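We use all heavy atoms of the structure for the numbers below, so side chains are in, but hydrogens, waters and symmetry mates are not. All ligand and atom numbering here is 1-based and tracks the order in the structure. As the structure is a computational prediction, the values presented were derived from the model and not from experiment.
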Amino acid sequence: MRLGPGRNSLERLAIATARGNAEVYLHGAHVTAWQPSGADPVIWVSGDSQFHPDKPIRGGVPICFPWFAAHATDASAPMHGFARLRGWTLASAEDRNGEVQVRFLLTDDDTSRRSSWPHRFQAEYRVTFGDRLGMALDVANTGDAPLTFEAVLHTYFAVGNIREVGVTGLAATEYLDKVDGFTRKREGDAPIRFTGETDRIYLDTESTCTIHDPELRRRIEVVKTGSLSTVVWNPWIDKARAMPDFGDDEWPSMLCIETANVRDAAVRLEPASHHTMTAVIGVGAL
Ligand code: BG6
């Protein structure tokens, strides 16, 4: 385990144990790699990501908090909230027989309170790098008024070829289709297949999702708790081209399955209460 400068000198914790390799940046508490021993990399990061202190990292696991997508009323506020743009405090990092547990903290300050989200909070993010990748985002209301937040563990997975991939776990689930003007639709019973830009918010679902990847001959399982929404995203050709930090030809090799609480599932916290959302990622043979 080594804390030091990573890409573009941003501070990074690099982990190499008998169980595998991983890395996480303090900028955004952003996981950018997890590769269990003997497996291909599970987490995808764009080769064009900027690794700039003022920009989110493209790929890995951005934490979207305290809002998702554009801010409801402030067009100048950053997309997906401020958490992925802030330096988090690395509170602890422990190696327990090759399973590394890392704890990050983010609390409100003058900048966050001026950012269209004037609340007092403490966010604790616990990541476990082992045979599985465990992520737990715990948000506490440390103020004296109720607050409401959205949160997403916006996980980018590496896939062999998006056109061959199927996703199960969301059968018969209603979703908002962003590429069709947020029309409300219902998923069928067959695995989800990808034939074009896909940007969907699946509603009221706590289900485990599985990515079936015949090219990499593996399945990736996302088990979650404390999360009622799942976002599924692949930008496809035109949107990938339009993003400066996303290679034009990279879209076939990634898929986002995002553990979320957004829109109607936004979390309301009374003073002195807290909420935990978790995702555990596992990999197996197909
Ligand atoms: C997804 C959204 O979660 O994130 C998409 O549903 C969005 O609409 C994507 O394009 C990437 O967002 P950003 O801000 O990282 O470019």
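Side chains of T128 and Q101: no donor on one and acceptor on the other come within 3.5 Å.
Ordered by chain and residue number, the residues placing a heavy atom less than 4.0 Å from ligand 1 are R58, F68, M79, H80, R84, H154, K178, D199, V231, W233, K239, E258.
Annotation: salt bridge (Lys or Arg N to Asp or Glu O under 4.0 Å) contacts involving residues 116-135, sequence neighbours excluded, comprise R19-D131, R103-E124, D108-R120, E124-R126.
Partners of F104 by ring pair (Phe, Tyr, Trp, His ring centres under 6.0 Å), not counting sequence neighbours: none found. F121 pairs by the ring pair (Phe, Tyr, Trp, His ring centres under 6.0 Å) definition with F65, W117, not counting sequence neighbours.
In summary, the aromatic rings of Y175 and W233 are positioned with their centroids too far apart to meet the 6.0 Å limit.
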Handout entry: Residue pair D109, R86: steps toward the side-chain contact (heavy atoms from CB on, under 4.5 Å) verdict
Key = CA-CA 11 Å; D109 59 13; R86 303 295 301 271; 2.4 Å; yes

